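Beneath this line is the structure, given in structure tokens, with notes to follow.
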Protein chains: 2
Amino acid sequence: MSPTLKEVARLAGVSRSTVSRVINNHPHVRPQTRERVWQAIRKSGYQPHAVARSLVTNRTEIIGMVIPEAVTTLFTDPFFPILLRGATNACNAHRYQLMLSLFAPSADQQERYQNLLGNGYLDGVIVASASLDDSLISNLLHDRVLFVSVGRHPNRQVHFVDVDNLGGARMAVEHLIHLGHRRIATITGRPDMAAGQDRLEGYRQAMQAHGIPVEERLVVEGDFTENSGMVGMQRLLSASPSAVFVASDMMAIGALKALRQAGWQVPQDIALVSFDDIPIASAIEPALTTVRQPIERMGSIAVEVLLSLVESSPEEEAPVHRIVLPTELVVRASCGSP
Amino acid sequence: MSPTLKEVARLAGVSRSTVSRVINNHPHVRPQTRERVWQAIRKSGYQPHAVARSLVTNRTEIIGMVIPEAVTTLFTDPFFPILLRGATNACNAHRYQLMLSLFAPSADQQERYQNLLGNGYLDGVIVASASLDDSLISNLLHDRVLFVSVGRHPNRQVHFVDVDNLGGARMAVEHLIHLGHRRIATITGRPDMAAGQDRLEGYRQAMQAHGIPVEERLVVEGDFTENSGMVGMQRLLSASPSAVFVASDMMAIGALKALRQAGWQVPQDIALVSFDDIPIASAIEPALTTVRQPIERMGSIAVEVLLSLVESSPEEEAPVHRIVLPTELVVRASCGSP
DNA sequence: ATTGGTGTTGGGAGCGCTCCCAAAAAGGTG
DNA sequence: CACCTTTTTGGGAGCGCTCCCAACACCAAT
């Protein structure tokens with residue numbers, strides 16, 4: 001089939017070792033020998049056999065992206081694809097490959113985990129949007145797999161990259177307060193995910209900072225899906241809030257649907273602010289005021305961090321990376337800002 | 001680190017060969033020996049080292065998903081994530097892994113191609129939404145890489161899975177005709193992609209079948225993006241069509257924006273039918289009448305076909321698979337159907 | 001000329017596995 | 001019980017590469 005090191009060596013009239021040194025850019029090869037070897041490589045169309053190399057270097061230059069399948073909902077939401085794009089870009093820049101893995105928390109999870117992580121194909125893993133109580137994280141820690149989480153994790157050994165969900169949510173709610181609202185409701189994200197918790201906490205902090213007591217009937221639980229936004233809004237209607245902070249754009253779209261059905265006008269009858277700034281947020285009517293988060297950057301930074309771990313010597317205890325990226329409020333029509 | 005075959009063999013008091021036979025379920029192992037080996041495997045937590053195995057079997061059980069980065073636009077459109085989900089599911093079922101690769105048609109494309117395909121890490125490749133004139137396909141053919149295209153390709157050696165874009169488009173336009181429309185415009189998809197071409201051809205066929213001549217000013221070119229839908233609609237306004245067939249939902253969202261700005265009501269002033277049925281299509285106002293395509297199935301079938309190629313013996317010339325899946329018209333509010 | 005560096009090259013071992021072939025054990029038959 | 005067949009087991013070779021160590025060439029300095 002394709003030529004091997006040995007054949008290139010014969011072609012160039014040198015030994016396998018020398019060809020290997022040329023390929024891997026090692027010093028101690030005479031320039032003219034190096035040139036001769038390169039010629040042989042080009043002529044034969046030689047490509048190093050990555051699998052063979054990995055067997056000895058114990059590195060595959062492949063990292064995994066693991067998505068707990070519970071968040072399959074995220075597939076209808078562009079969060080995940082954009083994250084993936086960021087991760088891929090960073091991988092390309094470092095000549096690493098990205099292996100994708102959806103993980104159902106099902107009967108065969110254990111088997112799939114073994115299969116993926118145990119077989120030695122991955123140098124490290126990015127874990128996206130895990131639920132905080134997912135056993136995946138503890139498994140990875142136990143097995144000493146190098147990984148970086150997208151979304152914070154309370155365990156102090158976990159490297160993570162996250163956006164400032166708390167600050168972003170606070171900013172959003174404060175914007176509503178500055179517009180004069182006091183009966184501000186919220187539809188939360190999944191309470192088992194850090195983003196869900198933090199956005200709720202941001203809401204509470206903003207309310208408290210301005211001395212507005214939080215009525216518990218103004219807080220309804222969602223799960224980031226459009227449908228939960230619709231249902232949540234319907235439940236909220238009877239409490240007649242004058243504004244609502246919805247913890248994701250997809251839920252805001254659901255909420256808009258509920259409001260339309262109830263005959264409420266946005267922003268005239270109720271102001272709405274949400275979170276994510278996915279592309280559709282600016283395309284719909286009314287355009288959403290929302291908190292923008294740098295999803296793509298989060299993906300590429302997660303990869304950068306992971307690769308720095310992979311490429312550092314295994315024994316040196318690197319400090320734990322806990323990176324939080326800033327968010328930004330994008331004001332559009334849905335909040336009724338003048 | 002982790003135990004090897006040899007250690008398991010020692011533990012079970014047999015040879016490496018026997019353990020290997022047990023692992024790979026080969027016959028000719030006495031039941032009681034087999035049991036003893038299994039015990040040793042469980043006790044030691046042995047996991048076969050996939051890289052080492054690949055070196056000798058020449059199979060990695062990894063397939064690639066290649067997306068020409070020109071269609072990065074597809075990232076804001078759920079087409080791609082849903083396809084990916086279908087592909088992943090099929091991979092899981094067959095215990096294959098999926099490697100993701102975005103391919104910029106840039107300066108380093110050639111290098112990345114070599115790097116990805118030449119290094120022997122992939123058993124085969126799924127090519128998603130390639131432009132028809134992309135050199136990727138011809139490279140793959142030339143290098144005898146096993147691959148399946150998502151989206152038809154004219155070359156008769158190319159295995160592909162596609163949806164019936166032509167039939168779906170015809171169905172959509174005929175629906176408008178049955179509603180009494182005759183001045184029907186269209187905003188096309190990218191003319192360098194099969195889906196773009198076929199949806200336009202479906203439009204033409206429907207018009208022709210009903211004896212309605214196609215006015216060329218009623219045909220404007222788009223590229224599947226929301227923005228091109230908006231621009232296209234703006235150009236169409238002066239031709240005052242009574243209905244428009246938009247070749248994708250994302251473009252339809254752009255078109256709606258243009259119509260709102262111009263003060264046209266949908267469906268009262270103009271009927272609108274589009275293509276894809278992405279989740280957002282039913283969530284916006286007015287809900288879109290659109291052609292649903294089985295994206296997820298397309299992804300899993302593509303994988304099934306590819307794996308059948310991978311697992312067939314290399315010499316037997318398999319017949320070329322050219323699979324076309326049916327589409328379905330989903331009638332909602334935007335076409336003004338009674 | 002001898003010694004000792006320094007730079008360059010070649011060969012062997014080994015990564016963890018599969019597969020082939022031969023040896024050993026087991027089973028059947030006259 | 002010897003003989004042949006069949007099943008079961010073990011050991012060696014080899015997949016394509018890297019890395020170590022030894023060998024060699026070359027040059028300057030003693």
Side-chain angles (χ1 to χ4, degrees), chain A residues 1-38 40-41 44-62 114-115 118-123 311 313-314, chain B residues 1-38 40-41 44-62 114-115 118-123 311 313-314:
Chain A
M1 280 283 278
S2 42
T4 74
L5 248 202
K6 204 159 137 192
E7 294 164 56
V8 177
R10 199 173 37 72
L11 222 104
V14 297
S15 72
R16 286 170 8 253
S17 309
T18 302
V19 179
S20 175
R21 275 186 281 258
V22 170
I23 295 277
N24 296 293
N25 245 311
H26 285 184
H28 302 311
V29 178
R30 220 168 34 177
Q32 81 191 64
T33 312
R34 194 179 288 274
E35 184 46 41
R36 200 146 39 93
V37 171
W38 271 119
I41 290 172
S44 61
Y46 172 73
Q47 281 271 108
H49 191 296
V51 175
R53 174 182 284 171
S54 295
L55 183 59
V56 34
T57 59
N58 229 350
R59 287 278 190 77
T60 57
E61 312 212 320
I62 300 175
Q114 290 294 345
N115 207 41
N119 66 14
Y121 256 132
L122 300 183
D123 287 348
E311 286 171 0
S313 67
Chain B
M1 278 284 277
S2 42
T4 75
L5 249 200
K6 204 158 137 193
E7 294 164 57
V8 176
R10 199 174 37 71
L11 222 103
V14 297
S15 72
R16 284 168 12 251
S17 310
T18 303
V19 180
S20 175
R21 274 186 282 258
V22 170
I23 294 277
N24 297 294
N25 245 311
H26 285 182
H28 300 311
V29 178
R30 220 167 35 176
Q32 81 193 64
T33 314
R34 192 179 289 273
E35 185 46 42
R36 200 147 37 93
V37 170
W38 271 120
I41 290 172
S44 62
Y46 172 73
Q47 281 272 110
H49 191 296
V51 174
R53 174 183 283 172
S54 296
L55 183 60
V56 33
T57 60
N58 230 350
R59 287 278 190 76
T60 57
E61 312 211 321
I62 300 176
Q114 290 294 345
N115 206 40
N119 66 14
Y121 255 133
L122 300 183
D123 287 347
E311 286 171 0
S313 67

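Each chain gets a letter, A, B and so on, in the order the sequences are listed, and its residues count up from 1. Please read all numbers here as calculations on a predicted model, not as lab measurements.
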Review point. In residues 24-31 of chain B, which residues come under 4.0 Å of DNA chain D by heavy atom?
Key: B:His28, B:Val29, B:Arg30
Check your understanding: To the nearest 0.5 Å, what is the distance between CD (B:Gln47) and OG1 (B:Thr4)?
Key -> 13.5 Å
Study note, to complete from the structure: Expected list for residues 10-22 of chain B near DNA chain C, using heavy atoms below 4.0 Å, is B:Arg16, B:Ser17, B:Ser20
Review point. Is there a side-chain contact between A:Val51 and B:Thr60 (heavy atoms, below 4.5 Å)?
Key: yes
Can I get a per-line list of side-chain donor-acceptor pairs under 3.5 Å for residues 22-34 of chain B, giving both atom names and the distance, sequence neighbours left out?
residue	atom	partner	partner atom	Å
B:Asn24	ND2	B:Ser20	O	2.9
B:Asn24	ND2	B:Ser20	OG	3.4
B:Arg34	NH2	B:His26	O	2.9

Practice item. Take B:Tyr46 and B:Leu11 through the side chain to side chain contact (heavy atoms under 4.5 Å, CB included) test and state the conclusion after the steps. Key: CA-CA 11 Å; B:Tyr46 172 73; B:Leu11 222 103; over 6 Å; no
**Study point:** Under 3.5 Å donor-acceptor, A:Thr18 side chain and A:Val14 backbone
**Key:** no
**Study point:** A:Tyr121 vs B:Ser54, side chain to side chain donor-acceptor pair (under 3.5 Å): CA-CA, chis, key distance, verdict
**Key:** CA-CA 11 Å; A:Tyr121 256 132; B:Ser54 296; 2.6 Å; yes
Review point. Do any N or O atoms from the side chain of A:Asp123 and from the backbone of A:Glu61 form a donor-acceptor pair under 3.5 angstrom?
Key: yes
Check your understanding: What nucleic acid atoms does A:Ser54 come within less than 4.0 Å of, heavy atoms only: base, sugar-phosphate, or nothing?
Key -> nothing
Review point. Does B:Ser44 use its side chain to pair, donor to acceptor, with the backbone of B:Ala40 at less than 3.5 Å?
Key: yes
Check your understanding: How bent is the helix from C:dA1-D:dT30 to C:dG30-D:dC1, comparing axes over its five end pairs at each side, to the nearest 10°?
Key -> 60°
Show me the protein contacts with nucleotides 26-28 of chain D, counting only N or O atoms at under 3.5 Å.
none

Check your understanding: If you round to the nearest 0.5 Å, how far is CZ of B:Arg16 from CD of B:Glu7?
Key -> 12.5 Å
Exercise for review: Starting at CG of B:Leu5, measure out to CZ of B:Arg53 and round the result to the nearest 0.5 Å.
Suggested key: 8.5 Å
Practice item. Walk along DNA chain C from 5' to 3' and tell me the first and last nucleotide with an atom closer than 4.0 Å to a non-hydrogen atom of chain B. Key: C:dG16 to C:dC19
